[in-house]
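Some notes on the structure that comes next.
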Amino acid sequence: MAPEARSLTALATAYLAGQAWYRTATANTADAPVRLVAADVLLEGHPGLARLVLERGERRFQLLVGWRRAQDSARVLHGRESAILGSVEDAGEHLLAYDALADDELTLQVLTIATGGAEHAERVRRVSTLVSHASLVFDERLFMKCYRVLEPGERPEIEVLFRLDEIGFNALLAPIARWRAHGHDLALVREFLPSALEGRLLALTSLRDLLARASSEDSSGRGPAFMPGAPTGQELAADIDLATAQAGGDLASEMHRLGATTARLHLALAEGFGDRPAQPDLMAAVVAGSRARANAPAAAATRQLAERIAALARGEAGRSIRVHGDFHLRRVMRAETGWLVAGFSDDPLYATDLPHASLPARTGSPVEDLADMCFSLGVVAREALAQRPPSESELASDLAAAWCRRNRLAFLEGYATVPEVQRLLPSEPATTELLLEGFERVRERRYEATFSGA
Amino acid sequence: MDDPSAGSLLVPPSPGGQPLWAPGGPPNAQRLFLPHEAGQAGWRQLANDQRWYERAVFYELVPRGFFDSNGDGIGDLSGIVEKLDYLAWLGIDCLWVLPFYPSPLRDGGYDVSDFYSVAPECGDVSDVVRLVDEAHRRGIRVISDLVINHTSDAHPWFAESRSSRDNPKADWYVWGDDDQRWSDIRVIFCDTEPSNWTWDPARQQFYWHRFFHHQPDLNYENPEVREAVLSVVRFWLDVGLDGFRLDAAAYLFQRDGTTGENLPETHAFLRQMRKEIDRDYPNRVLLAEVNQWPSDVVDYFGDSDECHMCFHFPLMPRMFMAVRREQRFPITEILTQTPSPPDGCQWGIFLRNHDELTLEMVTDEERDYMYAEYASDPRMRRNLGIRRRLAPLVDNDRRVAELLHALLLSLPGSPVLYYGDELLMGDNIYLGDRDGVRTPMQWTPDRNAGFSGADFAQLFLPPLMDPVYGFQAVNVEAGFRDPSSFLHWLQRMLAIRRHYPLFADGELEVLPADNPSVLAYVRTGPGADEDGARRAVLCVNNLSRFAQAAELSLDRWEGVSPVELIGRASFPVVGAGGYPVTLGPHSFYWLELEAR
């Protein structure tokens, strides 16, 4: 027994109109009507559960709707009244319909349904993340992304995750199940490692340790760290690279390991999706295109880089593979077993044309991912610098720049320790450097475009 | 608390009869001497417990460096007897005495020239008997090193063996006509020894040695050798020792095409030794020195039929690196890869020991990249080749020393303390690598640090006299009189640990924390208490020199109010969602929870 689809749809439409993410996602289709594509009853009875797939203009959305008898709802939805869609009737009973993911009991059922009965859990908690999907953690061991904004065909993230897992690449948060219907990926269930931490947090810890030394009177900065007498500001300035290398919180060895993991990732992507010769003219065009937002000197330098890249012969520029596409310190996690790659192309950090959409699968040079990660070091360094008092700024900036240099080098060296990865790169290290520089500039422009004014 | 296995926790009077606390001393003093009162005279009982070592705190000391009873300038076994009251007060359960056998001392006493007696400067066998008896009276056990892989070349066995090719002991060592066999087997002391084979002009053959050339390996293929070693074992167990640290236990046998380590034959011999000991000598312990990755070391536990304890080597550098890096992964990584020992077995964990240089040389660097980083870390590298004590290694930072000890006492395993570290004693790097950490124990500010009545010039090693670690200020007497001393702190912590057996044999679960500098784990007791709940202690540690905040997932204990163990203060009730904690620099909390 279930409420009528039409009444649910009407309530859902009104409910969605009140959700900020929905308004953003439908900003350019504001006049289009909402159409019900599918209504699947997943659980009958009370509480009950249905899945609505709604369409507005070109975009489709998933809403899981639950319902209970009105008198039961208060207990379950206490504090989550914003999830209520409204009242419905079913066979003479007065029911309250609501966003099912606000109901723990129903959410646990969704896990079981989404995994085809394979997984059961006892506890669930919601994680607040970006909004194109709901993020749920079950029993601190499973993570579900329940997509709100649907995409046609296979979501790139899911495709990549399952393919990599299939071929045995294990530096991943392992995929457990995918939930598909009506030609869309509706949810992804993967393992959850509660103790894994974002690379960005490790980087900030390292920077905090290093930048504390910029403070001339920082008694806590002298710390034990097994050093007899902290280097003074003068000593630091004299050889800033050495001082950076000697800092207790040095991240270089971790970045080295991350580099090796990245190399294995690229080899796995090549194995899973193939590789072909990289095309210098295409790469040059991407680099050249990033001049648009640069200032004059930067634009000139970028144009020169693009010209040099375009001048490469085919075959000199390495291979083209399916790249990660959004590779930065928030996309890698440190777990007890080492570094893991988490998150492929979903909820990209940088602005895209279509809000709340995945980055489409893209092929390119593996150097693009390397450039992303190198650039990411600078982003995190800026974040750490922003937290320091202004009086330290000069020495702190120098330290931060030295930190970026050191970790960039460690990352690239770690990457190169996996011998097989050489076949994906240009044969000449100088060419790799050229591509790296070009793509780092592209990232820089893209970062400014996304966060200018931030 | 009437746990018979913990023995009666009465405290003997302090040396000299001084009150242990200044008048009006620390407010928690009474509370912390649970369940008895400070100053009450009495003796601890030796627990009749087959598994005593699983809960014991070990104390490693060098007999020549502890206390000199006869005024010859060298510490001796009788000297240890005189200081047993101090050790009983401190709260240690087992002494580990470094080798006291006769030896030419070319390898710190690990080159033994007579297994059945005692080096004269240390005393004689009757002193060992007396040491064991007096220690037992105070509830303290005694183990010593048993060097079974090799002997000194000054040992009469070797003298005989090398004298010809057909004497009765000709086959007691490993002889070869050339030095090509087992060429794959690595040289451990590769800096000083070019090969595992050395030519002996007397016998005109090569002999095999995994260590220094003056330490020929015994030939375990020979049943006479195996029997001779077991006789040595029986002798000292008859004297009363409570067990042995088996030095170089991994190297006993050699086989073509192997690494010469961890061979099945080696395990078989150790199991045979264990069987004999179990049959005739109850309540003894075999502690294996096997420097391998933990998942390989567990082989030495057998099916609870081999060694009772093994050292956990990779943990130590990782604890230091975690503090250096201010992030927890060096530690949590190794914890997740450390198997639980089988029933009746236990890890031995430590912060420092006498022998770190050997660790550097034998650790498989590829497997333990963290050790490679420790050795190449710029600050550690200054110390490479020079063994440092704990205090100088942490630049005498009291907070870091406390944090490291808190980890040592709360992580799974039996802690092994090194003598003098309870005073945050320093070292003397100018004495050369081994001796630097074996300077005399600093007892008082008096002559020779109260270690010996001899003339200063006679002392086997000079005590420390620098401004920071000099014996004038750093000594046991000062530690007693200063209620805020590290000595008192450690003694209290050992008492607390003793009160909670879950630190010794409980389960370990690392808890996630959103801050990389915070290391949190829960130790859960094996059995339920009278309420049916399982005792649990949450240990939260700040690895950073800056104050930190973190959120812990304590959902299982929702509704519980944690109680901090040292001060017994209640902490905020655990609610739904993350439990926020804030920690000062390098500080830690031990919070009692009920397990669910």
Side-chain angles (χ1 to χ4, degrees), chain A residues 79 104 122-127 137 139-141 192-212 218-230 242-254 256-257 260 333-339 414, chain B residues 320-321 323-337 369-370 372-373 376-383 388 392-401 403-404 468 510-517 519-521 543-548 552-553 555-556 576-578 584-586:
Chain A
D104 284 359
E122 290 174 22
R123 301 178 78 109
V124 61
R125 65 182 171 90
R126 286 146 201 86
V127 180
V137 175
D139 288 350
E140 302 303 313
R141 66 175 180 90
F192 178 73
L193 289 180
S195 56
L197 286 180
E198 246 180 32
R200 172 181 153 270
L201 290 177
L202 257 63
L204 285 174
T205 301
S206 170
L207 281 160
R208 175 188 66 216
D209 169 77
L210 180 65
L211 296 181
D218 175 17
S219 60
S220 66
R222 193 169 67 238
F226 322 137
M227 327 180 279
L242 181 63
T244 306
Q246 294 189 339
D250 182 36
L251 197 66
S253 52
E254 291 290 352
H256 195 271
R257 281 191 277 284
M333 305 195 80
R334 181 67 160 94
E336 265 73 39
T337 48
W339 286 99
Chain B
F320 283 92
M321 287 311 284
V323 174
R324 184 114 170 85
R325 295 264 165 81
E326 303 204 349
Q327 53 108 337
R328 64 174 187 258
F329 286 101
I331 296 177
T332 58
E333 235 179 25
I334 196 68
L335 290 177
T336 57
Q337 294 178 55
Y369 63 83
M370 190 53 59
E373 285 171 29
S376 64
D377 180 270
R379 298 305 174 190
M380 301 304 177
R381 209 212 312 261
R382 267 188 320 110
N383 302 323
R388 306 307 305 262
L393 198 61
V394 302
D395 284 321
N396 212 22
D397 187 302
R398 168 77 182 257
R399 275 194 203 126
V400 172
L403 175 66
L404 290 172
V468 177
V510 176
L511 288 186
D514 54 354
N515 183 333
S517 300
L519 167 64
Y521 47 88
L543 300 165
S544 169
R545 64 190 186 278
F546 305 115
Q548 297 291 335
L552 307 177
S553 317
D555 295 355
R556 250 170 297 164
H586 291 135

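Each chain gets a letter, A, B and so on, in the order its sequence line appears, and its residues count up from 1. Just so it is clear, the model here is predicted, and its values are computed rather than measured.
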Salt-bridge criterion met for A:Asp209 and B:Arg545 (N-O under 4.0 Å): yes
Quick one: are [X] and [Y] in side-chain contact, heavy atoms under 4.5 Å?
| X | Y | answer |
| --- | --- | --- |
| B:Gln327 | A:Glu254 | yes |
| B:Arg328 | A:Arg334 | no |
| A:Arg208 | B:Gln548 | yes |

Residue B:Thr336 versus chain A: region with a heavy atom under 4.5 Å: side chain
Which atoms of B:Asn396 approach chain A - backbone, side chain, both or neither, heavy atom under 4.5 Å: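 Contact with chain A: none, neither part.
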Value rounded to 0.5 Å, distance of [atom1] in [X] from [atom2] in [Y]:
| X | Y | atom1 | atom2 | result |
| --- | --- | --- | --- | --- |
| B:Phe329 | A:Leu197 | CZ | CG | 4.0 Å |
| A:Glu336 | B:Leu335 | CD | CG | 8.5 Å |
| B:Tyr521 | A:Ser195 | OH | OG | 15.5 Å |

B:Glu326-A:Thr205 side chain donor-acceptor pair, cut-off 3.5 Å: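 There is no such pair between these side chains.
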Pair B:Arg325, A:Ser206: side-chain N/O donor-acceptor within cut-off below 3.5 Å: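 Distance-only check fails for B:Arg325 and A:Ser206.
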Minimum heavy-atom distance between B:Asp514 and A:Leu201, given as atom pair plus value: O-CD1, 3.4 Å
Heavy-atom closest contact (A:Pro194 atom, B:Pro512 atom, distance): O-CB, 3.1 Å
Neighbour count above 12 (heavy atom, 6.0 Å) for B:Arg399 CZ: no
Option that, when pairs with chain B are counted at under 4.5 Å, heavy atom only, ranks first among A:Glu198, A:Arg125, A:Arg123: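 Looking at each of A:Glu198, A:Arg125, A:Arg123 in turn, A:Arg123 comes out on top.
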Between B:Gly577, B:Ala576, B:Pro516, the one whose heavy-atom pairs under 4.5 Å with chain A are most numerous: B:Pro516
